[in-house]
Chemist: 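Sharing a structure below in structure tokens format, with a few things to ask.
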Amino acid sequence: MKGYNFAYLDEQTKRMIRRCLLKAVAIPGHQVPFGSREMPLPYGWGTGGIQVTASILGRNDVLKVIDQGADDTTNAVSIRRFFGRTAGVQTTTATAEATVIQTRHRIPEKTLREDQIIVYQVPQPEPLFRLEPSRQETRRMHALSDYGLMHVKLYEDISRFGQISISYDYPVMVNERYLMSPSPIPAFDNPKMDMMPALQLFGAGREKRIYAIPPWTRVKSLDFDDHPFRAINAPHPCGLCGATDSYLDEVVTDDRGGRLFVCSDTDHCAERRAAGHVGNDGFKEAAE
Amino acid sequence: MSAPTLLSGRGLKLSFGAVPALVDVDVDLWPGEMLAIVGESGSGKTTLLNVLSGRKAPDSGVVWYRDPNDHLHDVHAMPAPALRTLHRSDWGFVHQDPRENLRMGVSAGGNVGERLMAQGARHYGNIRDAALDWLAQVEIDASRIDDLPRTFSGGMLQRLQIARTLVTHPRLVFMDEPTGGLDVSVQARLLDLIRSLVSRLRIAVVLVTHDIAVARLLAHRIAVMQRGRIVETGLTDQVLDDPHHPYTQLLVSSVLNA
Amino acid sequence: MAYVAVKGGEKAIDAAHTWLAEERRGDPALADLTVAQVQAQLGRAVDRVMAEGSLYDRQLGALAVKQAQGDLIEAAFLLRAYRTTLPRFGDSLPVETETMQIARRISAIFKDLPGGQLLGPTSDYTHRLLDFSLLDPENTTPPPPAPSLAGDSVGAIPRVADILGQEGLLEPDGGAAGTPGDLTREPLAFPASRDVRLQALARGDEGFVLGLGYSTQRGYGGTHPFAGEIRLGEVSLEIAPAELGFAIDIGDITLTECQMVNQFHGSKTAPPQFTRGYGLVFGFNERKAMAMALVDRAMRASELGEEVTAPAQNIEFVLYHSDNIEATGFVEHLKLPHYVDFQSELQNVRRMRAEQDKVAAE
């Protein structure tokens, strides 16, 4: 793209972001403030993730961009196009081929490797924000490891609903020190973060925070000994490929209660179907 | 009293602008005893409580605290995290207005369990059992465990605050007019409760009150403050039955006349 | 030199108006902006002015925008003032957004659903890169024609709210009880029912409602919102005059509607249901409709037994400060002369200082 640096940001900005990333990796789960820039996409639509990706992308990288687990959602398409125009890197929909994966609200089903980096788009980096809106106060709580407020909230859930009622953006303890928001991934995905071989980077553009989980780090979802963490997923197999262990989207097929459940991770589903797996609604796909 | 003190203040001075709030105050507290600090409003008693508990720094002077390992700590030289930890475990602070120390949007059980969870308790059933136990000890009906404090009476809120504070078995509790603003009958019940809990758990208490009757009922020793100074101190009954300082005499006689 | 009393206020005002007219016209060498151009090419400005002016008339909105030199609050003010002069013939029947001629319809809570995700003419996925080709006056190539909306649904597109409602997952809508309040005629009174609150939001300042809505997302009275459905298009307006005894269609208006699906509400005994927040606004304005739905839900906090802690949940705070014509009037009224009162203050302060000096000297 004429008149723009590789991957849009100027080199000084990229260096600033990389310094923040290094600090974040050195202190797993700790939120590092950074001088987030206005980007051509709106705040709340992935500017943090985009800035992180722009700062780590090299000419030989292969980039995958997903939103809700799918490569073809409008926002994923928009961001992939953005990097196509500004960096000219090779892009892919295959998780296995990617070196950098930028994601909104899902972790791919396929276990990631040590040579891969996953960049999460984060709307709200502060895990305590619903309980304590003041950032000044939450900074102190993180510094003093004072997370009583969050435990109280979990206690309240159990006393009110009989179970912890958080289903996404489920808070985790990273490296047994920092309370962290994993971004609004479904709780189902939380276990993937624990001891993940890949580097996990988190960018919040509007809130201006970066954080990270280095490879092979302990990540534990908050719970009680007698109310252990449980992942939530629709109790069906994928209608297209039959998978029973992937996170499912619910598609409303008619206004009489008709439903179809399909893998949210489109690459995972396509790979399974290519290998011959068929779900009970597999015939529907052929009809389109 | 040759045993080592639990808490000691020496040479405490504090002024708010031109107004002196504490003038050369020395005070001692021994383990397991209740010390009442009495005086009119403006005498400096609440300021003294705040300085002793580390909430307000004096202009000069020092406050020493002896921890369970017999180490002495300068309360105002402690790093903030250490003081914070102290306040959540070994120490407690009961406010005159219980709302200042309760989460009004959190159930009674959650309020009581919070300090346990802050210390690492991770078994919901056990935390809830501890909360139920403490609600019983402060005479709040077990059925209220999931109720929000918004629905509690003033007396109940105060008892809930006490449960929340004592759940970690602190060795030292600061109390600021714990019965202030409550009905006489509610006060009496609360005072009884405080007395029995404190003696059973052997908690040392620094209690601030303007009410001589409260001091008489609860405290082993009493310190009388007037305009920022301690004018008289000693065993409660001795001081109140035979006051030496004219101000103490005035206080005592005004109660008798009431 | 001797003081000369200030006179000539009227002459000064006339001169100010002349200068204002000059500013409005701008460089006379440039073509005068026509109202038709504003109406056709600055549609979003016209939409906002109609919403906050509480008057649906695109041409008048465009005129107000031009007259106000693009100051949209000033333009809304012009519409409101004009509205005062218009006689009220009657009220329309409630509009049916279910039978809207959809230009755009999306849901963030289902990947796909009956009626589909119809993007419409949205700027959502544009990259915000200044298009310098727009500077070139010679650049008159019209854009390629948009692909036609081949909707795969005939007739009404079912509401997402009804889809959730089928399983009882969404609280039912509070049915209309009696005549809705009318803030354009009656003063605001508390407690304010939901119809009045919605009306205040619909005509409230977009920036104010946006800020409050944003605050709920950041923890000041959070409601876990999801965009259940946003639909945008034309609805027909019907009135049922008493003389006729039946309803007649008097025209179409463009509306943007947003149904937010919010934090579920329930307990050990009452099965949890998602709760609603609603936004409806004249013209094409998703930002306003969405923010309105967030604030609507926040203001239902006490009704739903939630703690009221944040500004967006404080009904009086929101309703009293949402009207930007009232706000700008009062804020800017400080420009009016206040020197009589200030003189009293001056004398007061001087006297207090003198007394303190006297005491200090003693």
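Every heavy atom of this structure was used, including side-chain atoms; hydrogens, water molecules and symmetry mates were not. Just so it is clear: chains get the letters A, B, ... in the order the sequence lines come, proteins before strands, and each one is counted from 1.
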Chemist: Please state whether the side chain, the backbone, both or neither of Thr73(A) comes within less than 4.5 Å of a heavy atom of chain C.
Modeler: neither

Chemist: Is the gap between the ring centers of Tyr168(A) and Phe226(C) under 6.0 Å?
Modeler: yes

Chemist: By number, which residues in residues 42-51 of chain A have some heavy atom less than 4.5 Å away from chain C?
Modeler: Pro42(A), Trp45(A)

Chemist: More than 12 non-hydrogen atoms from neighbouring residues, nucleotides or ligands closer than 6.0 Å to CZ on Arg139(A), yes or no?
Modeler: no

Chemist: Step through the shown structure and confirm whether more than 12 heavy atoms of other residues, nucleotides or ligands are within 6.0 Å of CZ on Arg230(A).
Modeler: no

Chemist: Evaluate the side-chain proximity of Phe129(A) to Gln217(C): yes if any heavy-atom separation is below 4.5 Å, no if none is.
Modeler: no

Chemist: Rounded to the nearest 0.5 Å, how far does CD of Gln263(C) lie from OG of Ser165(A)?
Modeler: 6.5 Å

Chemist: With a 4.5 angstrom heavy-atom cut-off, is it the side chain or the backbone of Gln117(C) that approaches chain A, or both, or neither?
Modeler: neither

Chemist: Please flag which part of Ile109(C) lies under 4.5 Å from any non-hydrogen atom of chain A: side chain, backbone, both or neither.
Modeler: neither

Chemist: Would the number of heavy atoms belonging to other residues, nucleotides or ligands and lying under 6.0 Å from CZ of Phe284(C) be above 12?
Modeler: yes

Chemist: Output the option from Val251(A), Asp254(A), Thr74(A), Leu131(A) having the highest count of non-hydrogen pairs under 4.5 Å with chain C.
Modeler: Thr74(A)

Chemist: Could you look at Glu250(A) and say if it's the side chain, the backbone, both or neither that has a heavy atom under 4.5 Å from chain C?
Modeler: both

Chemist: Does Met290(C), at its CE atom, have more than 12 non-hydrogen atoms belonging to other residues, nucleotides or ligands within less than 6.0 Å?
Modeler: no

Chemist: Tell me, side chain or backbone of Asp249(A) under 4.5 Å from chain C's heavy atoms, or both, or neither?
Modeler: side chain

Chemist: Report which part of Asp124(C) has an atom under 4.5 Å of a heavy atom belonging to chain A: side chain, backbone, both, or neither.
Modeler: both

Chemist: Hey, which of Met39(A), Glu126(A), Arg135(A) has the most heavy atom pairs under 4.5 Å with chain C?
Modeler: Arg135(A)

Chemist: In terms of heavy-atom contacts, does CD of Gln101(C) have more than 12 from other residues, nucleotides or ligands at under 6.0 Å?
Modeler: no

Chemist: Any heavy-atom pair between the side chains of Tyr8(A) and Leu129(C) that's under 4.5 Å?
Modeler: yes

Chemist: Decide, yes or no, whether a salt bridge links Glu207(A) with Arg218(C) under the criterion of side-chain N to carboxylate O below 4.0 Å.
Modeler: yes

Chemist: Any donor and acceptor pair, going by atom type alone, linking the side chain of His127(C) with main-chain N or O of Arg81(A) inside 3.5 Å?
Modeler: no

Chemist: List the atom of Asp255(A), the atom of Gln166(C), and the distance in Å for their closest heavy-atom pair.
Modeler: O-NE2, 2.6 Å

Chemist: Quick check on the interface: out of Arg130(A), Glu38(A), Gln124(A), Gln68(A), who has the most heavy-atom pairs with chain C under 4.5 Å?
Modeler: Arg130(A)

